[in-house]
Each structure stands twice: as C-alpha cells, then as structure tokens.
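Input: a single structure, listed below in structure tokens.
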Amino acid sequence: MLSVQDLHKSFGDHHVLKGVHFSLDKGKVLVIIGPSGSGKTTVLRSLNLLEIPDDGSLKIGDAHVAFGKKLSKKAVKQIRQKSAMVFQGYNLFPHRTVLENVIEGPVQVQKKGKQEAIQKAKELLEKVGLSEHIHKYPHQLSGGQQQRVGIARALAIEPELILFDEPTSALDPELVGEVLKVMKSLANEGWTMIIVTHELKFAEEVADEVIFMDQGAIIEKGQPSLLFNHPEQERTKQFLSRIR
Amino acid sequence: MFIGNITIDWDLAAKSFMPILMGGLKYTLPLAIASFIIGLVIAFVMAMCRLSSIKLLQWIARIYISIIRGTPLLVQLSIVYFGLPDLGINISPIYGAIIALSLNVGGYAAEVIRASILSVPKGQWEAGYTIGMGYFQTLRRVIIPQAMRVSIPPLSNTFISLVKDTSLASTITVTELFRRAQEITATSYNFLLLYCEAAFIYWIFCFILSIIQNIIEERLDRYVAK
C-alpha cells in the first residue's frame, strides 16, 4: 500500500535523511521512534510532500512520485489526496467552528454535498467524543479536545493513510490518554496509520511494526515486542534505556 | 501680535455648514471609499508579488512600493492631473484624484497586507495542504480570513488617513469638503471660522469611522482566545 524507496533530504549542508526505505501494508500501524533530530518527522512530512525529498521515490496506493526533478502539481495533488495529517500543534483553523473544521476538506476540496458532509462530520465527532462541542471555536477547547478535532478533520477526507506527527507531545499529561484512546480505536478499525511518537507503551500496544531512526537513517525495525524488549543495535538500546 | 475681540459669526457658520458638509458627503467620502477599494486591490496584487518566488515580480512590487512611499502625495496628484496632459492624457479632476489616491493606498497597504499574510502561522498553510487544498484555495479559505483580523487595525488607520488626505484633491479643483470651505472664505474672508468648521466635519467623519473600526475588530475577534 505504501512504499518508500531511498529517501534523501538535505536542509542546506545538513543531510537529514540518508536513504530511508520502508513499506507498509493496508490496515497496518507503523510507529517511528527516535531521538529529536533523527529525521522521523521529516520522513512523515515527506509522505504528504510538506517536505519534498531530494531523491528517492514514494508510492501510496496507485499514486507514485520520483524525486530529484520538479514535481508536477498533479503528482503532488495525487499523493496528498492519499493521506491526511494530524499535527503536533493541532493546526486547526481558528476562524472556523469544530464542525466547519471537519467539513472543510469534504465540502471545499472533495466537493461533497454540505448536508452529507455535516452528517458524516457529526458521526466522526461523536466517535472522538466531541458531539457536544461541534459549534465551538478551537480556542474554547482543551488541547486534548483540539487534537481529537484534528483527528476527525483528518478522517473526514477518508484518506488511505493517516499520518500522526507527535500528536500528544504538546498536550498536558492528563490529556494524553484521551487522544491515545481515540487513536487505538482507529487502529482497531483497520485504518492504515504511521505515527511518530515518544509514547512507547502506546506504541507497543498498537504498532504492527516499529522503526527506530537515528541521524537520518533507519537503525532497526521490527515487531514492537521484539524491538522494545530485545533490541539488536547498540544505538537502539541506548535510546530505549534513556527514554524509559 | 494682536488678538482682537473674537466675535463668532453664527449666521455664517450656520449658512456654510451644509455646503461644506455636502462637499464631504458628495466628494470626500466617495473619493475616499473608491480610492480605498481600488487601492486595496492594487495592494493585494503587490503583496502577492512581494511574496511570490518569482524574482521579477518581487522587484516590480518593491520598486512600486518604494516610489509611492518615497514621494509626497501632493506630487503624485500633480503628476497625474497636471503632468499626464503633457502626454496627451487628460483626466477629469475627480478621476485624477481617484487614480492618484488609489496608487498611493496601493503602496502603503501592500506592506500591511504582506505582513498580515506572513503573520499567519506556517502550520495553517500545511493544514490546508494536508486536507487537499492547493495554494490559492488555502490562501482564500484559510490564510486571508485570519490575515484580515490582523490587518484591520492598520488598514483602518490607512482609510482614516485617506479621508483626510482627500483634502489635497482641492489642489486639483475637486470641490470636496475643504475646497468648499476655501470657496466660501473667498467671499467672506472668515478663515478661522470656516476652516475650523471644515476641521470639525473631518473630525466627525473620522470619529464615526473609528467607531465602525472598533465594531469590525470586535466581530473579527470572536474566535480568538481572550
């Protein structure tokens, strides 16, 4: 369903991604862990072209791009339509209500009927536990609630793949649980997800595969129970011992 | 210095009030509104050029803004109204005033609009892109509504300044508010009274506009955390 080949990316002299390969099957959950600056967020952002890699290729479903030359608008659009992103800082539209945030993509981009989109949005907001807040503005909600709106907004465009960029890192500790709970239920429903996170316990519970990255490369990957409990690489061991 | 007994000619004040006010309503305000609207369109285009990745467009906008901000409005008005006829382009006073004032607003407001677009966090662009929007759709649906809130106070100030700057159109014979007052002084010689009256009417206009500004700001602030 997803295939990433030999991604390279530099910011100026800084070589951030040094040939990253991986693939993911439909309905699977991949968690990427690693120290800050390891390139994990850059990988995630490359998957919906918020960063354009310098080299390599990317295939999501039936959309395919090769990097290293100028991308056509059409190719960018095709790849972006496959995925949705949940941001660390939520990035909700502050001038729109919760409901308007969720229907923005379906109505404005996918040109669905407004009534149909509202109906669907209400179902999604119920799923993330926000039925009572649909007419509020984002600033009237807690961080955990805002992030759940972010998740509903991502689901609303019915992506083949959902990308989570440290979705709980900006939250107060007591609000982390409510967001993870929603993400766990999505994993159980069979959504294909890639999650960058520091929540190792959560990763162990939901991930089908875990990737450990350091200094722009994948150091180790495997099933969560194996990677967390019996890491093979020295750097993985060091990282896990520091974070636990 | 001699300060004589000041007697206010209330009769003249009353008789001249309506003609001066009408100059304001018939010329000053329409002139300001038309120039502001056209000026905002120019400003938006210039702001987009400044933000463009195309170097040529950036430079066109930079030069335009620099010229407008670096030359007096009175000189700009004179070039349009007195200068262009040398090239065979004759423009009526009112259109000359609208052209010069619009170009002027375009130069000043371009920087306001550019700054307000830049003030919207990058994450908002990214949120637009990740739900499938392109550049212009994100700009229209996500960025401009938020940039507007930031730009309302400085743009309101631009408009209020513009209302006062329309008095310069009197120099190219537009019979706006100040020109009316001048015309009446030509026969009555009561400069202090009539110019104070004109000043009072400008102040009333600007006072009402600042109230409208506050109302708009409050409306746009409704989705912002206090």
Side-chain angles (χ1 to χ4, degrees), chain A residues 44-45 47-52 73-74 76-98 100-112 135-141 146 149-150 152-159 161-165 170, chain B residues 40 44 47-48 51-57 112-156 213-226:
Chain A
L44 199 73
R45 289 166 60 83
L47 299 182
N48 61 5
L49 308 181
L50 288 180
E51 304 292 351
I52 308 287
K73 274 188 185 166
K74 195 177 155 208
V76 171
K77 198 171 173 188
Q78 275 181 344
I79 285 285
R80 283 214 175 118
Q81 280 174 347
K82 299 288 177 188
S83 65
M85 184 125 177
V86 176
F87 296 90
Q88 182 177 355
Y90 333 128
N91 293 358
L92 298 181
F93 305 129
H95 58 301
R96 302 199 188 281
T97 63
V98 167
E100 288 167 347
N101 263 277
V102 179
I103 65 170
E104 186 72 7
V107 173
Q108 297 298 328
V109 179
Q110 300 175 336
K111 306 293 177 200
K112 288 189 179 155
H135 296 302
K136 288 187 179 167
Y137 284 93
H139 75 88
Q140 296 170 302
L141 304 178
Q146 290 192 50
V149 178
R153 180 174 70 178
L155 296 176
I157 59 173
E158 298 176 334
L161 172 66
I162 313 178
L163 309 169
F164 294 83
D165 183 14
Chain B
L40 282 186
F44 182 74
M48 295 318 293
L51 293 170
S52 158
S53 54
I54 301 168
K55 282 268 182 314
L56 178 68
L57 294 180
V112 171
I113 292 175
R114 184 178 76 97
S116 65
I117 288 175
L118 287 176
S119 76
V120 179
K122 190 167 152 255
Q124 290 291 311
W125 286 98
E126 294 183 346
Y129 293 153
T130 55
I131 59 167
M133 291 182 174
Y135 177 83
F136 286 106
Q137 195 175 22
T138 306
L139 185 70
R140 186 170 59 84
R141 298 284 310 173
V142 180
I143 305 301
I144 288 177
Q146 296 182 63
M148 260 173 58
R149 191 183 63 78
V150 181
S151 65
I152 289 291
L155 287 181
S156 303
Q213 174 185 357
N214 284 339
I215 294 170
I216 296 173
E217 280 177 32
E218 270 171 34
R219 275 189 62 86
L220 286 169
D221 268 354
R222 71 188 186 279
Y223 59 80
V224 178
K226 297 278 184 327

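Each chain gets a letter, A, B and so on, in the order the sequences are listed, and its residues count up from 1.
Between A/R153 and A/N91 the shortest side-chain heavy-atom distance falls below 4.5 Å.
Note that CZ of A/R96 and CG of A/N101 are 8.0 Å apart. Values are rounded to the nearest 0.5 Å.
Of the atoms belonging to A/Q108, heavy atoms from both backbone and side chain fall under 4.5 Å from chain B. Interface residue A/S83: only backbone heavy atoms are found under 4.5 Å from chain B. Heavy atoms closer than 4.5 Å to chain B are found in the backbone of A/L92, but not in its side chain. Using a 4.5 Å cut-off between heavy atoms, B/E126 contacts chain A through both its backbone and its side chain. Of the atoms belonging to A/F87, it is side-chain heavy atoms, and not backbone ones, that fall under 4.5 Å from chain B. With a threshold of 4.5 angstrom between heavy atoms, A/E104 approaches chain B through its backbone and through its side chain.
Note: A/R45 leads A/Q110, A/K136, A/R45 in heavy-atom pairs under 4.5 Å with chain B.
In this structure, the side chain of A/N48 does not engage the main chain of B/T130 through any donor-acceptor pair within 3.5 Å. Between the side chain of B/E218 and the backbone N or O of B/Q213, no donor-acceptor pair lies under 3.5 Å.
Environment of NZ in A/K77: sparse, with no more than 12 heavy atoms of neighbouring residues, nucleotides or ligands closer than 6.0 Å. Within 6.0 Å of the NZ atom in A/K73, the count of heavy atoms belonging to other residues, nucleotides or ligands does not exceed 12.
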